[in-house]
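Side chains included, hydrogens not; waters and symmetry mates left out as well; all remaining heavy atoms used.
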Amino acid sequence: MDSKASMEISATAPMQAALRPGAKSLSGGAVTGSERIMACSLKAQAHFKSSGEGTIGSMSVSVLHCASAGFESACRIPALPPLHRSHGLHGHSYFATVRAALPAGWAAFPGGEVEALRARIGEVAAPLDHALLNDHLSEPTDENLARWVRTRLAVPGIVQVGVQSTAHSGVDLDGAGHAHVWRRYRFQAAHQLPNVPAGHQCGRMHGHGFEVILHANTDLGERDLAIDYDHLDEVWAPLHFALNYRCLNDIAGLQNPTSENISAWLWDRLKPVLPELSWVTVYETGSSGANFNGQSYRIWKEMTLDSAVRLKHAPGGHPLAGTHGHTFTLRLHLAAPLDQVMGWTVDFGDVKSLFNPIFKRLDHHPLYEIAGLPDGDAASIAAWVLREGGGVLPQIDRVDLYETRGSGAIVSRADSEELIPV
């Protein structure tokens, strides 16, 4: 499959309109979330072929190839006050990523884009590894490092370049060069969802180690200085105090504390003090969560696949031409209006159960034996998942598939939201 996929899908109209609240199922009982989803799902058959911009029915799809490189470096940030912890000499395990809409023919062979992109970002990052970053740039902040990497990549179609100095903070540059700062926080809390059907596991009081990512677009607002991690820490601190070691149902405004409602609750309290806020991400577990940007909600569900692959277009004797494998990280992104009663867009449990037959076709299987899967590269597999997954979960509008951390492909409908670091 070329770096951008073209997909032709002949799809029937929905089998029936989505069932309204209060409707009865065929069995006479209350309609479940799964039945609501299945009621509006599309029966789709698809055929993939190589080309530029692609379509799913009347919808365009885009393919981004992703690659990453790590480097261990020392640095100091002279612009910070002398007593600031980052003013003096210190070090980090950095991680740089690039996401690009590569033109057809950029790599040596179709399907070789991830390997070629990974080699390129590795070459750019190599001089920084086990080096003093100040020898390369005077103020080696994450943002300045991302700009340094971007100017040296010489890769067409760059959509995003990111650098993170820790596992919980980083900066992403978008296609226009705007910097998006993000930082991850954690709190421990209990909750229960009061409106779920009887017997639903989330109806019982239980707890999570919640994680929150605050995303700030430094080009929003009118601040003289760019947003930094310390400022994000300051605005988060009172919210951490309000949420940590609490029962969320007891907090005003969180009587129905779904991930979506928590993200909106946080947005309402953060936006007035952080005008640059662009997204709030809430992880309920390590594999699922919700995003909110003040207007729309998105959720994702993540899983891993242990699968064998071959690349059909790799030249003879190339390692990727033979049977090899990965522990893939697969992330499904879904967009839907908020159900005002349930407080969610789609039940995470329904996503898992409805997608499970597709998951079983992929996990612990040789993917080159799957009919209709054109090749074993990340973009081809992700496009296949978007097609198959959309048949049972029409809310899916983006699929991320990574062979290794940060290296893989993102296939999305062209009308999906901007990239968010999840």
Side-chain angles (χ1 to χ4, degrees), residues 64-80 84-100 102 106-107 112-175 177-184 213 215-216 218 226-230 232 319 326-329 378 400-410 419-422:
L64 299 179
H65 288 94
C66 315
S68 59
F71 51 98
E72 307 284 333
S73 308
C75 70
R76 59 171 67 92
I77 312 297
L80 292 172
H84 193 284
R85 63 188 181 278
S86 295
H87 178 87
L89 187 64
H90 62 288
H92 294 290
S93 294
Y94 290 90
F95 193 71
T97 58
V98 58
R99 293 170 172 175
L102 298 171
W106 180 80
E113 294 85 1
V114 173
E115 182 190 43
L117 193 59
R118 185 161 45 210
R120 181 63 196 137
I121 194 172
E123 292 169 359
V124 171
L128 306 178
D129 191 36
H130 287 78
L132 176 63
L133 298 182
N134 300 77
D135 292 340
H136 297 272
L137 60 170
S138 58
E139 298 286 346
T141 63
D142 287 358
E143 178 181 342
N144 289 340
L145 279 168
R147 297 190 186 282
W148 187 95
V149 169
R150 181 175 180 145
T151 59
R152 288 159 175 78
L153 275 171
V155 170
I158 291 177
V159 172
Q160 192 178 78
V161 171
V163 167
Q164 57 185 100
S165 51
T166 70
H168 56 268
S169 56
V171 174
D172 292 302
L173 303 178
D174 63 23
H178 298 160
H180 299 255
V181 180
W182 60 271
R183 193 155 170 88
R184 185 191 309 264
I213 298 178
H215 315 256
T218 60
I227 290 292
D228 62 17
Y229 302 135
D230 290 342
L232 294 180
H326 301 286
T327 296
F328 291 98
T329 297
D400 304 356
L401 187 73
Y402 296 101
E403 301 170 355
T404 59
R405 182 189 174 195
S407 294
I410 296 172
L419 290 175
I420 311 165
V422 175

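- Closest approach of His168 and Trp182 over heavy atoms only: C-CZ3, 3.6 Å.
- Val98 has its side chain within reach of Ile121: a pair of non-hydrogen atoms, C-beta onward, lies under 4.5 Å apart.
- Between Phe71 and Tyr94, the ring planes lie parallel to each other; the angle is under 30°, not in the 30° to 60° tilted range.
- The shortest side-chain heavy-atom distance between Thr218 and His178 does not fall under the 4.5 Å cut-off.
- Residues Asn134 and Pro78 meet the side-chain proximity criterion, which asks for heavy atoms closer than 4.5 Å.
- Under a 3.5 Å cut-off, the side chain of Glu139 and the backbone N or O of Ala79 do form a donor-acceptor pair.
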Criterion side-chain contact (heavy atoms from CB on, under 4.5 Å) on Val171 and Tyr229, from CA distance to verdict: CA-CA 10 Å; Val171 174; Tyr229 302 135; 3.8 Å; yes
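- Leu117 places a side-chain heavy atom less than 4.5 Å from the side chain of Trp106.
- In this structure, His92 has its ring center closer than 6.0 angstrom to the ring center of His90.
- With rounding to the nearest 0.5 angstrom, the OG atom of Ser407 is 11.5 Å from the NE2 atom of His65.
- Among all heavy-atom pairs drawn from Arg152 and Arg120, the shortest one is O-NH2, 2.6 Å.
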Residue pair Ile77, His87: steps toward the side-chain contact (heavy atoms from CB on, under 4.5 Å) verdict: CA-CA 5 Å; Ile77 312 297; His87 178 87; over 6 Å; no
Chi angles and distances behind the salt bridge (Lys or Arg N to Asp or Glu O under 4.0 Å) call for Asp400, Arg99: CA-CA 12 Å; Asp400 304 356; Arg99 293 170 172 175; 5.2 Å; no
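- By the 4.5 Å heavy-atom criterion applied to side chains, Leu102 and Val155 are counted as neighbours.
- Considering every non-hydrogen atom in both Asp142 and Gly170, the closest pair reads OD2-CA, 4.0 Å.
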Derivation and outcome, side-chain hydrogen bond (donor to acceptor under 3.5 Å, both in side chains), residues Asp172 and His215: CA-CA 10 Å; Asp172 292 302; His215 315 256; over 6 Å; no
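- A donor-acceptor contact under 3.5 angstrom links the side chains of Arg118 and Thr404, judged on distance only.
- By the 4.5 Å heavy-atom criterion applied to side chains, Leu128 and Trp148 are counted as neighbours.
- Separating the SG atom in Cys75 from the CG atom in Asn144 is a distance of 11.0 Å, to the nearest 0.5 Å.
- Judged by distance alone, the side chain of Arg183 and the main-chain N or O of Leu232 form no donor-acceptor pair under 3.5 Å.
- Taking both residues in full, the closest heavy atoms of Gln164 and Ser169 are given as CB-O, 3.0 Å, listed atom of the first, atom of the second, then distance.
- Taking 4.5 Å as the limit, some side-chain heavy atom of Asp230 sits within range of a side-chain heavy atom of Arg85.
- Side-chain contact between Gln160 and Leu173 is absent, with no heavy atoms from C-beta onward closer than 4.5 Å.
- Of all non-hydrogen atoms in Glu403 and Val114, the two that sit nearest each other are OE1-CG1, 3.9 Å.
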Leu133/Leu145 under side-chain contact (heavy atoms from CB on, under 4.5 Å): CA gap, chis, key distance, verdict: CA-CA 9 Å; Leu133 298 182; Leu145 279 168; 3.7 Å; yes
Stepwise side-chain contact (heavy atoms from CB on, under 4.5 Å) test for Leu132 and Ser73: CA-CA 6 Å; Leu132 176 63; Ser73 308; over 6 Å; no
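- Counting all heavy atoms, side chain and backbone alike, Asp129 lies closest to Glu72 at OD1-N, 2.9 Å.
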